[in-house]
Q: 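Structure below; questions to follow.
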Amino acid sequence: MHPRYRGAMDERLCLLAVHAHPDDESSKGAATVAKLHDEGVHTVLVCCTGGEEGDVLNPAMDTPEVRENLATVRAAELAAATAAIGYDEVVLLGYRDSGMPDSPANANPASFAQAPAAEAVGKLVAVIRRVRPQVLLTYNEDQRGYPHPDHLRVHEVSVAAFEAAADPDAYPDLGEPYQVRKLYYNVWSAGRMRAFHERFLALGLESPFTEERLARAGQEPTATTVVDVTGYEGRRRAALAAHATQIDPTSPFWFGLPEAEAEAAWHTEEWQLARSLVGDTVPEDDLFAGLRASAGRH
């Protein structure tokens with residue numbers, strides 16, 4: 001912890017989630033954020049790109065008008081999804097979607113992948129120092145399952161900003177230094193995928209989770225933090241459905257199990273604690289473990 005960090009005993013609890021594209025906030029940890037919002041935690045999303053390179057995966061939305069205005073459409077979808085989750089604030093970092101690996105969009109000078117590192121980190125540092133979150137959510141460094149340039153960049157920028165925000169010598173013109181206390185990586189749970197696969201089969205339904213996908217899921221990191229999100233499956237689904245260009249409402253992967261069956265099969269979300277300045281709290285069932293007692297109000 002940097003010596004100039006000043007912890008206020010009456011500070012509000014705040015969570016900051018950093019995601020690459022519109023829809024990532026709904027497919028990764030949405031139920032946890034919704035639950036924390038309902039508990040009174042101030043929730044802030046940083047979306048790094050506009051998702052301009054995303055494929056239109058819902059046939060009903062695959063029209064010339066949608067494709068010509070995809071950035072505007074995806075911005076409206078993001079607004080609807082974050083309202084469903086319960087984000088109190090959405091910050092757009094302003095970069096262009098870098099596209100899939102080895103695509104021409106990777107070289108676009110406006111893309112997140114091409115942004116100068118110091119510039120991108122500075123933008124996130126400014127947000128951190130303004131909203132003062134105790135907890136920051138991001139992606140881990142291992143993106144072998146989905147090596148999108150923007151997901152890799154989210155990890156790099158988030159970790160650098162976590163450190164720089166507390167350093168009084170870094171970005172001195174972007175506000176008072178502030179130390180985030182906990183940094184988490186989202187875990188796409190292999191256990192959840194297997195549980196859903198087994199529930200599909202038990203119900204006599206064809207599972208969208210192939211053996212190849214299940215084998216790849218075994219690469220996921222070990223979770224340190226398991227959050228019970230019972231009662232929040234509906235909020236997660238509503239957020240996903242808001243991204244109508246990206247999520248086909250008939251998709252068995254996202255919606256193949258009835259809501260009650262999905263929640264019965266798996267009712268937790270998993271996280272990996274990557275940095276902590278509040279001592280050893282793992283294993284834990286709360287992203288704010290070790291922090292709630294020290295905050296005088298929400």
Side-chain angles (χ1 to χ4, degrees), residues 17 19-35 51 53-63 66 70 73-74 76-87 100 137 139 143-148 151 185-221 223 226-271:
H19 285 287
H21 315 103
D23 79 57
D24 288 326
E25 84 297 326
S26 299
S27 63
K28 303 171 182 65
T32 297
V33 175
K35 180 180 182 179
E53 292 294 321
D55 293 326
V56 179
L57 301 176
N58 178 0
M61 296 292 290
D62 194 2
T63 67
V66 167
L70 190 56
V73 171
R74 294 201 72 183
E77 292 175 345
L78 179 64
T82 52
I85 295 168
Y87 274 104
M100 294 300 289
L137 310 180
Y139 310 156
Q143 295 291 319
R144 285 175 293 175
Y146 188 66
H148 195 295
H151 287 226
Y185 297 154
N186 177 267
V187 174
W188 187 272
S189 172
R192 181 180 187 275
M193 293 174 67
R194 295 190 183 99
F196 273 37
H197 175 69
E198 292 169 4
R199 187 57 61 103
F200 272 104
L201 299 182
L203 294 173
L205 301 172
E206 182 178 354
S207 173
F209 298 97
T210 64
E211 291 301 322
E212 185 275 334
R213 184 185 287 273
L214 291 171
R216 192 171 72 234
Q219 300 173 358
E220 291 297 335
V226 178
V227 179
D228 187 332
V229 290
T230 300
Y232 285 90
E233 176 65 15
R235 293 270 285 279
R236 186 183 74 87
R237 289 183 175 223
L240 286 167
H243 290 286
T245 56
Q246 302 295 296
I247 309 284
D248 185 340
T250 67
S251 166
F253 182 87
W254 296 112
F255 305 116
L257 287 177
E259 183 177 325
E261 292 288 348
E263 189 158 277
W266 198 265
H267 59 272
T268 61
E269 287 185 338
E270 288 68 42
W271 304 86

Q: Should His21 and His151 be marked as a side chain to side chain contact (heavy atoms under 4.5 Å, CB included) after you check the CA-CA gap, both sets of side-chain angles, and the distance that decides it?
A: CA-CA 9 Å; His21 315 103; His151 287 226; 3.6 Å; yes
Q: Between His243 and Trp254, is a side chain to side chain contact (heavy atoms under 4.5 Å, CB included) present by the stated rule, with each step listed?
A: CA-CA 12 Å; His243 290 286; Trp254 296 112; over 6 Å; no
Q: Between atom CZ of Phe253 and atom OG1 of Thr210, what is the distance when rounded to the nearest 0.5 Å?
A: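 Interatomic distance, Phe253 CZ to Thr210 OG1, rounded to 0.5 Å: 10.0 Å.
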Q: Taking the side chain as every heavy atom from C-beta outward, state whether Trp266 and Arg199 have any pair of such atoms under 4.5 Å apart.
A: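 They are not in side-chain contact.
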Q: Are side-chain heavy atoms of Glu206 and Pro252 found at a separation under 4.5 Å?
A: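 They are not in side-chain contact.
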Q: Find the distance between CG (Asp248) and CZ (Phe255) and round it off to the nearest 0.5 Å.
A: 9.0 Å
Q: What heavy-atom pair brings Ala195 and Ala265 nearest, and what distance separates the two atoms?
A: CB-O, 3.7 Å
Q: Would you check if Glu25 and Leu78 make a side-chain contact, meaning some heavy-atom pair closer than 4.5 Å?
A: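 Yes, their side chains come closer than 4.5 Å.
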Q: Gly29 and Trp271: which non-hydrogen atoms are nearest, and at how many Å?
A: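 Nearest pair, atom of Gly29 first, then Trp271: CA-CZ2, 3.6 Å.
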Q: Is the closest side-chain heavy-atom distance between Pro208 and Phe196 below 4.5 Å?
A: no
Q: Identify the heavy atoms of Met61 and Val73 that sit nearest to each other, and give their distance.
A: CE-CG1, 4.4 Å
Q: Taking all heavy atoms of Arg236 and all of Ser26, pick out the closest pair and write down the distance.
A: CG-O, 4.0 Å
Q: Just verifying a value: how many Å separate Glu263 CD and Tyr232 OH, rounded to the nearest 0.5 Å?
A: 10.5 Å
Q: Could you check whether any side-chain N or O of Glu269 sits under 3.5 Å from a backbone N or O of Thr32, counting only pairs where one atom can act as donor and the other as acceptor?
A: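 A pair under 3.5 Å: yes.
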Q: Within this structure, what is the CG-NE2 distance for the pair Leu205 and His197, rounded to the nearest 0.5 Å?
A: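 Nearest 0.5 Å value for the CG-NE2 distance: 12.0 Å.
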Q: Can you confirm whether or not the ring centre of Tyr139 sits under 6.0 Å from the ring centre of His19?
A: yes
Q: For the pair Asp23 and Glu77, evaluate side chain to side chain contact (heavy atoms under 4.5 Å, CB included) and give the outcome as yes or no after the intermediate values.
A: CA-CA 8 Å; Asp23 79 57; Glu77 292 175 345; over 6 Å; no
Q: What distance do Glu53 atom CD and Arg74 atom CZ have between them, rounded to the nearest 0.5 Å?
A: 10.5 Å
Q: Work out which heavy atom in Thr230 is nearest to a heavy atom in Asp228; give both atom names and the distance.
A: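 Nearest heavy atoms, Thr230 then Asp228: OG1-OD1, 2.6 Å.
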Q: Using only atom types and a distance under 3.5 Å, with no angle test, would you say the side chain of Asn58 pairs donor to acceptor with the backbone of Ala244?
A: yes
Q: Start with the C-alpha distance between Val229 and Arg235, add both sets of side-chain angles, then the distance that settles side chain to side chain contact (heavy atoms under 4.5 Å, CB included), and finish with yes or no.
A: CA-CA 10 Å; Val229 290; Arg235 293 270 285 279; over 6 Å; no
Q: Look up atom CG in Leu240 and atom CD1 in Ile85, then write down how far apart they are to the nearest 0.5 Å.
A: 8.0 Å
Q: Closest approach of Ala242 and Ala80, non-hydrogen atoms and distance?
A: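 The pair with the smallest heavy-atom distance is CB-CB, 3.9 Å.
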